[in-house]
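Each remark here refers to the structure printed beneath this line.
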Amino acid sequence: MGERSRYDLVVRLALERGFFMPSSEIYGDAPAGFWDYGPLGVALKNRFIELWRRELVKRDDMLEIDGAQILSKSVFRASGHLESFVDPIAKCSKCKAIYRLDKLIEEKTGIHVPERASLEDMRKLVEEHGIRCGRCGGELTDFSHFNMMFRVGVGVAGLDAYLRPETCQSIFIDFLRIYKTMRRKLPFAIAQVGKSFRNEISPRQGLLRMREFYQAEIEVFFNPKKANDFAKADSILDYRLRLQPIGEDSIKDISCRDALKSGLISSKLVAYYLALIQQFYEKAGIPREKIRLRELDEDERAFYATEAWDLEVETSLGWIELVACNNRGEHDLGGHEKLSGQEMTVLDDGERVLPNVFELSMGIDRSLYCILENSLHLVDNRIILKLPPHLAPIQAAVLPLLSREPFTSEAMRIYRSLKQEFDVVYDASGSIGRRYARYDEVGVPVDITIDHQTLEDKTVTVRFRDSTIQLRVGESDLMNFLRDHLKIG
RNA sequence: GCGGCCGUCGUCUAGCCUGGAAGGACACUGGCCUUCCGAGCCAGUGAUCCCGGGUUCAAAUCCCGGCGGCCGCACCA
């Protein structure tokens with residue numbers, strides 16, 4: 001299979017079988033970067049989130065919230081997004097080309113433009129060095145900042161507010177009340193699944209880069225002096241991480257214990273959460289060898305991060321960042337404390353500390369793409385979607401061997417008994433082989449066929465998607481069989 | 001946002017250069033067949049030809065603008 005064609009196959013399957021589709025697609029003015037999930041896509045997403053809840057939220061006793069998507073301007077003044085979530089731009093007065101101003105100055109003069117440089121500073125540099133449009137030589141004009149947040153006007157007065165560019169700000173602004181009411185001590189984590197919004201200049205590649213997207217974020221609050229006093233980490237010390245630290249160009253397969261000992265990871269707390277997130281993706285069906293935790297150097301890190309590891313998965317499109325694991329230090333609670341005047345310190349062993357934050361910020365849509373691409377296999381030019389059974393949108397198909405009585409009634413009866421507990425479909429249309437193929441394509445892990453023998457001895461044929469092996473299961477054992485087969489491994 | 005290529009049934013595409021009734025394959029639906037791995041035969045549904053404007057007796061086709069897609073630049077979960 002060609003490298004590009006894997007992406008095309010996923011998109012084609014998604015459109016044809018209802019996983020996802022471009023939003024507003026019947027209108028010509030549909031802007032890029034917005035996608036709708038269809039029935040199978042929603043089901044897959046829900047199962048993915050179920051797995052996330054189980055393997056991260058429940059496993060680590062996190063508290064889950066669901067915050068508003070529109071937040072006040074002050075939130076983003078405090079978080080730094082109003083000032084820092086921007087690109088400085090300028091336009092050519094002649095050919096209308098738009099430039100990243102800081103990049104243009106650096107390219108023309110070799111002078112490094114610091115993040116904090118004002119537009120006025122940059123305008124001066126442009127004048128001093130006589131920088132003009134790189135393409136036509138025209139004069140540069142319209143110096144401005146392009147902020148990637150969507151601004152919204154609230155109420156009749158059109159009060160300035162913003163769609164959140166990351167879900168985690170909801171966690172930080174709710175932190176104080178949750179801490180006061182939920183009786184937790186440091187360290188503990190707050191988690192959230194929800195939408196975030198970024199006005200990307202050029203969204204592209206389907207689910208990989210959207211303007212409206214789902215994140216599953218976890219913010220771990222901890223005392224920075226105690227990041228190594230972390231007993232929970234004992235359970236993962238022997239687990240092997242796939243690390244690529246700064247300056248390395250290959251992946252080290254190394255136990256958490258050794259990574260800590262050699263100083264590759266800054267603390268037990270960080271090692272523990274990196275282990276949890278890697279284990280999560282392994283359970284989501286991504287093979288270990290396609291996962292890496294790559295450490296970002298200063299230039300690559302977000303403006304709020306002091307230490308950053310990206311969990312990346314290798315696909316036909318290269319390594320894709322699925323989770324940003326950032327040490328945000330006291331950036332967020334400190335920022336909100338300063339602007340709101342609300343003291344954010346908490347008591348920890350008799351000492352007042354401002355909690356630091358380590359986050360696991362997961363892109364859900366991207367993750368689903370990687371799972372789909374990884375699961376997609378071509379056999380005799382037919383798609384077989386080998387999803388882990390516990391992520392399958394449809395868990396079993398109930399099929400009468402022949403589309404006539406008494407097979408149809410028997411199959412319908414079994415379908416009805418199963419659908420109370422499982423997500424199953426009934427299908428009598430087309431030859432049996434055609435139906436097997438139809439459900440292989442959307443990742444149904446087992447097909448249940450009602451055949452001649454069913455009528456004699458109350459057993460059914462169970463046919464496995466990945467191996468096409470068939471076995472006979474008694475009707476009364478079917479529930480237990482399915483529960484077992486759909487269990488998280 | 002820029003540059004290159006591109007946009008036709010659900011999907012893949014023919015037609016565009018050289019203007020003149022939108023055709024095929026797969027999928028889907030129904031019928032015959034009565035089946036354990038996309039069987040065969042017959043019939044059928046399904047396309048504002050991305051959108052808008054222009055040229056023309058006539059536009060899927062030529063021209064202009066917009067929107068979208070892919071690749072590259074940049075940015076990012």
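Side chains included, hydrogens not; waters and symmetry mates left out as well; all remaining heavy atoms used. Chain identifiers are assigned alphabetically (A, B, ...) following the order of the sequence lines, protein sequences preceding nucleic acid strands; residue numbering begins at 1 within each chain.
The separation between A:Glu16 atom CD and B:C26 atom P is 14 Å, rounded to whole Å. If you measure from atom CD1 of A:Ile371 to atom C1' of B:A77, you get 14 Å, rounded to the nearest angstrom. Computed from coordinates, the A:Glu359 CD to B:C76 C1' distance equals 13 Å when rounded to whole Å. Between the CG atom of A:Leu15 and the C1' atom of B:G69 there is a distance of 12 Å, rounded to whole Å. What separates CZ of A:Arg294 from C1' of B:A77 is a distance of 14 Å, to the nearest Å. Between the CZ atom of A:Arg6 and the C1' atom of B:C70 there is a distance of 19 Å, given to the nearest Å. Atom-to-atom, CD1 of A:Ile320 to C1' of B:C76 comes out at 12 Å; the value is rounded to the nearest Å. The interatomic distance linking A:Asn199 (CG) with B:A77 (C1') rounds to 16 Å, in whole Å.
For residues 198-219 of chain A, the set of pairs meeting the ring-ring contact (aromatic ring centres under 6.0 Å, His included) definition, not counting sequence neighbours, is empty. Among residue pairs with one or both ends in residues 358-367 of chain A, those qualifying as salt bridge (Lys or Arg N to Asp or Glu O under 4.0 Å) are A:Arg328-A:Glu359; sequence neighbours excluded.
Pairing analysis of RNA chain B (Watson-Crick: purine N1 to pyrimidine N3 plus N6-O4 or O6-N4; G-U wobble: N1-O2 and O6-N3; both under 3.5 Å) yields stems of 3 or more pairs at B:1-7 with B:67-73, B:10-13 with B:23-26, B:28-32 with B:40-44, B:50-54 with B:62-66.
Qualifying side-chain contact (heavy atoms from CB on, under 4.5 Å) partners for A:Glu282, counting only residues two or more places apart in sequence or in other chains: A:Tyr239, A:Gln278, A:Arg288, A:Ile291. In this structure A:Gln395 satisfies the side-chain hydrogen bond (donor to acceptor under 3.5 Å, both in side chains) test with no other residue, sequence neighbours excluded. The side-chain contact (heavy atoms from CB on, under 4.5 Å) test applied to A:Glu441 returns A:Leu13, A:Arg17, A:Ile383, not counting sequence neighbours. Under the rule for a side-chain hydrogen bond (donor to acceptor under 3.5 Å, both in side chains), the partners of A:Asp457 that lie at least two apart in sequence or sit in another chain are A:Gln453, A:Thr459. Judged as a side-chain contact (heavy atoms from CB on, under 4.5 Å), and not counting sequence neighbours, A:Ser476 has no contacts. By the salt bridge (Lys or Arg N to Asp or Glu O under 4.0 Å) test, A:Glu330 pairs with no residue at all, sequence neighbours left out. Looking at residues two or more places apart in sequence or on another chain, you find a side-chain hydrogen bond (donor to acceptor under 3.5 Å, both in side chains) between A:Gln279 and A:Arg59.
Comment: A:Arg438 engages A:Asp427 in a salt bridge, judged by a side-chain N to carboxylate O separation of less than 4.0 angstrom.
The same atom, P, is picked in B:U11 and in B:A47; the two are 12 Å apart, to the nearest Å. B:C5 sits 23 Å from B:C9 when the P atoms are compared, rounded to a whole Å. Nucleotides B:G20 and B:A58 are separated by 7 Å at their C1' atoms, to the nearest Å. Across the P atoms, B:G40 and B:A27 are found 9 Å apart, a figure rounded to whole Å. With P as the reference atom, B:A25 and B:G72 are 36 Å apart, rounded to whole Å. Only the C1' atoms considered, B:A77 is 45 Å distant from B:C36, to the nearest whole Å. Between B:C70 and B:C32, the two P atoms lie 46 Å apart (nearest whole Å). Atom name P, nucleotides B:C49 and B:G7: the rounded distance is 15 Å, in whole Å.
With rounding to the nearest 0.5 Å, the separation of OG in A:Ser170 from CG in A:Leu71 is 4.5 Å.
Non-hydrogen atoms lying under 4.0 Å from RNA chain B are contributed by A:Phe213, A:Gln215, all within residues 212-221 of chain A.
Residue A:Met148 is classed as a sugar-phosphate contact, given heavy-atom separations below 4.0 Å to backbone atoms only. Nucleic acid contact class of A:Arg366 (heavy atoms, under 4.0 Å, all strands): base. At the heavy-atom level, A:Pro22 lies nowhere under 4.0 Å from the strands shown. Using a 4.0 Å heavy-atom cutoff across all strands shown, A:Leu322 reaches sugar-phosphate atoms only and no base atom. Base contact: A:Glu441 has a heavy atom under 4.0 Å from a base atom.
With a 4.5 Å cut-off on side-chain heavy atoms, A:Tyr281 and A:Cys370 do not count as touching.
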Would you tabulate the pairs of protein nitrogen or oxygen atoms and nucleotide nitrogen or oxygen atoms of nucleotides 28-37 of chain B closer than 3.5 angstrom?
{"from": "B:C28", "atom 1": "OP1", "to": "A:Arg438", "atom 2": "NE", "distance (Å)": "3.2"}
{"from": "B:C28", "atom 1": "OP1", "to": "A:Arg438", "atom 2": "NH2", "distance (Å)": "3.0"}
{"from": "B:C28", "atom 1": "OP2", "to": "A:Arg434", "atom 2": "NH2", "distance (Å)": "2.7"}
{"from": "B:U34", "atom 1": "O2'", "to": "A:Arg404", "atom 2": "NH2", "distance (Å)": "3.3"}
{"from": "B:C36", "atom 1": "O2", "to": "A:Tyr436", "atom 2": "OH", "distance (Å)": "3.4"}
{"from": "B:C36", "atom 1": "O2", "to": "A:Gln470", "atom 2": "OE1", "distance (Å)": "3.1"}
{"from": "B:C36", "atom 1": "O2", "to": "A:Gln470", "atom 2": "NE2", "distance (Å)": "2.9"}
{"from": "B:C36", "atom 1": "N4", "to": "A:Asp451", "atom 2": "OD2", "distance (Å)": "2.0"}
{"from": "B:C37", "atom 1": "O2", "to": "A:Arg463", "atom 2": "NH2", "distance (Å)": "2.9"}
{"from": "B:C37", "atom 1": "N3", "to": "A:Arg463", "atom 2": "NE", "distance (Å)": "2.9"}
{"from": "B:C37", "atom 1": "N3", "to": "A:Arg463", "atom 2": "NH2", "distance (Å)": "3.3"}
{"from": "B:C37", "atom 1": "N4", "to": "A:Thr468", "atom 2": "O", "distance (Å)": "3.0"}
{"from": "B:C37", "atom 1": "N4", "to": "A:Gln470", "atom 2": "NE2", "distance (Å)": "2.6"}

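Residues A:Ala324 and A:Arg211 both approach RNA chain B. Their nearest nucleotides, taken by heavy-atom distance, put A:Arg211 toward the 5′ side.
No donor-acceptor contact under 3.5 angstrom links the side chains of A:Tyr304 and A:Ser79, judged on distance only.
Closest to the side chain of A:Arg12, from the set B:A77, B:U11, B:C70, is B:U11. Of the candidate nucleotides B:C70, B:G68, B:A77, B:C70 has the atom lying nearest to any side-chain atom of A:Gln205.
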